[in-house]
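Since the structure is predicted, the reported quantities are computational estimates derived from the model, not experimental observations. Note: hydrogens, waters and symmetry copies are ignored here, and every other heavy atom, side chains too, is used.
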Amino acid sequence: MTDSRIALVDVNSFYVSCERVFDPSLEGRPVVVLSNNDGCVVARSNEAKALGIENGTPWFKLAADADRIGLVAKSSNYELYGDLSERCMRLLSRYGSAQEIYSIDESFLTLSGTPEEQHRTAREIKRVVARNTGLPVCVGVAPTKTLAKFMNRIAKQNAHLGGVCTYDTMPPGDTENIMSRVPVTGIWGIAGRLGKRLNGIGIFTVADLKASDPVAMRKKFSVVLQRTILELNGIPCIPLETERASKEQMIFSRSFATPVTTAARMREVMSLYAQQAAIRLAKDEQQAAIMTCFAGTSHFNEKASSFPSATVKLPGPTADPVILTKAAVAALDGQVYDGVPYARAGVMLTGLSPAGAQPQLPSFATAHEEKNIGALLGKVMDRYGTAAIGLGRAGMTVAPDWQMKRERMSPRYTTEWDDLPVVRAN
DNA sequence: GGGACATAG
DNA sequence: GATTCTATGTCCC
């Protein structure tokens with residue numbers, strides 16, 4: 001048998017593993033990586049999972065006990081993770097006739113050959129990624145994406161499999177056995193809400209779902225669930241997306257380290273966020289037609305509740321930081337009040353199109369629009385930091401106090417010359 | 001077409 | 001005292 005199959009390669013505890021690549025002393029210890037603003041746990045090592053620490057736990061609830069239980073927390077370092085991700089994805093691309101980069105730490109690959117050959121390829125992938133990047137991965141191989149995800153999960157949870165699990169080489173009885181024991185929420189696309197509704201009609205395990213009638217389930221639930229059921233039965237319904245579709249919307253939003261309580265400060269925030277959004281537009285080679293600006297108080301603050309937002313139509317599709325910044329600064333005018341403790345804010349861009357798709361008539365383009373300032377801002381900030389340059393921030397030479405907290409961040413070893421690791425030889 | 005909701009990583 | 005960010009898809013009006 002030489003059917004083509006799908007491999008799902010996933011880095012174990014990706015963010016934690018990235019931290020460990022550069023700090024081997026973290027090996028074997030409970031480690032968590034925190035969200036932006038050092039808010040809550042977004043990645044855990046197995047040792048941290050074993051301590052019962054859940055994803056989403058606020059750091060302030062763990063901090064006091066951290067030393068006592070030997071828990072290490074790191075601020076998230078997306079420069080580092082993004083760079084290691086790229087290296088990893090480039091390596092993986094060698095091993096499949098097609099590749100879908102599904103997330104920062106996951107790729108689907110198309111494998112050919114016999115099941116035994118595919119299993120050997122999967123083992124080689126694991127070996128080569130470990131040797132070339134230092135990152136541990138697990139690989140699941142199966143006829144459909146949903147089954148590949150499931151096989152990957154089995155590989156992760158059963159150390160004796162050596163991090164690789166292939167549907168076609170597993171004794172069918174073993175697979176059925178596992179499926180009849182894993183809760184239905186162990187399947188890709190089924191989380192709490194749907195899980196509860198399924199339990200309500202007697203579907204508790206993966207095996208129960210697999211045995212259900214896809215047509216009836218589509219009527220009762222959704223087309224998504226029907227596809228999942230068919231995929232569990234080996235019928236591919238979810239195609240490999242080898243071309244990254246261009247984004248439909250772009251959001252830049254952040255929580256503040258300390259609340260923003262004045263309209264004047266909020267204008268500063270909007271100005272900086274709009275510039276970050278412009279930089280991303282330039283990187284994606286896109287332009288936007290509509291901008292929504294929003295701010296909000298903390299959802300945990302019941303006394304002050306305010307969620308201002310405003311949508312403005314831009315003069316035409318644009319990626320120009322000058323236009324975007326002016327629009328953002330003006331958008332929330334009159335809706336943000338002094339004295340209200342805003343906890344977060346953001347800029348959303350919609351109506352996106354490829355840059356240059358609708359070339360503007362020269363008479364409508366402003367002088368600065370043609371100069372692609374967004375890309376320039378991005379390059380300067382990449383090299384000299386975000387404080388080095390900016391529009392309309394006269395005198396703002398130090399980071400404002402609302403800027404997000406990253407108190408426990410490791411150096412950006414691979415993307416900052418000044419953060420290069422130091423090697424000592426005795 | 002748009003808001004609410006669900007899901008994922 | 002403190003609780004991420006981003007993107008997509010479906011349902012339903």
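Side chains of A/Ile203 and A/Met217 form a contact here, defined as non-hydrogen atoms less than 4.5 Å apart.
A/Ser298 has no side-chain polar atom (N or O) that falls below the 4.0 Å cut-off from OP1 or OP2 of C/dA2. Between A/Trp59 and C/dT4, a side-chain N or O to OP1/OP2 separation shorter than 4.0 Å is absent. Remark: A/Arg254 is in phosphate contact with C/dT6, judged by side-chain N or O atoms under 4.0 Å from OP1 or OP2. For A/Lys247, a side-chain nitrogen or oxygen approaches OP1 or OP2 of C/dA7 to under 4.0 Å. For the pair A/Ser255 and C/dC5, the criterion of a side-chain N or O lying under 4.0 Å from OP1 or OP2 is met. The side chain of A/Arg227 contributes an N or O atom lying less than 4.0 Å from OP1 or OP2 of C/dT10. Note on A/Arg197: every side-chain N or O is 4.0 Å or more away from OP1 and OP2 of B/dA6.
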Mind running salt bridge (Lys or Arg N to Asp or Glu O under 4.0 Å) on A/Arg267 and A/Asp333 for me, showing each step along the way?
-> CA-CA 9 Å; A/Arg267 283 194 288 274; A/Asp333 241 18; 3.7 Å; yes

Check against side-chain contact (heavy atoms from CB on, under 4.5 Å), A/Arg44 and A/Asn55 = CA-CA 7 Å; A/Arg44 306 159 293 159; A/Asn55 253 339; 3.8 Å; yes

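When each of A/Gly56 and A/Glu248 is assigned the nucleotide of DNA chain C bearing its nearest heavy atom, the one mapping closer to the 5' terminus is A/Gly56. Map A/Lys405 and A/Ile251 each onto its nearest nucleotide of DNA chain C; the residue landing nearer the 5' end is A/Lys405.
In the displayed structure, A/Arg123 atom CZ is contacted under 6.0 Å by at most 12 heavy atoms of other residues, nucleotides or ligands.
Checking C/dT3, C/dT10, C/dC5 against the side-chain heavy atoms of A/Val224 singles out C/dT10 as nearest. Each of B/dT7, C/dT6, C/dT10 was ranked by its minimum atom distance to the side chain of A/Val223; first place goes to C/dT10. Looking at the side chain of A/Ser222, the nearest of the listed nucleotides C/dC5, C/dT10, C/dT3 is C/dT10. The nucleotide whose nearest atom lies closest to any side-chain atom of A/Ser35 is, among C/dT6, C/dT10, C/dT4, C/dT4. Nearest nucleotide to the side chain of A/Arg280, out of B/dA8, C/dT6, B/dG9: C/dT6.
Atom NZ of A/Lys196 and atom C1' of B/dA6 are 14 Å apart (whole Å). A/Phe252 places its CZ atom 11 Å from the P atom of C/dA7, with the value rounded to the nearest Å. Atom CZ of A/Arg193 is separated from atom P of B/dC5 by 8 Å (rounded to the nearest Å). In this structure, A/Asp284 atom CG and C/dT6 atom P are separated by 13 Å, rounded to whole Å.
You can call A/Phe300 stacked on the base of C/dT3; the centres are under 5.5 Å apart and the planes sit within 30°.
Closest heavy-atom contact between A/Ile101 and A/Arg244: O-NH1, 3.3 Å.
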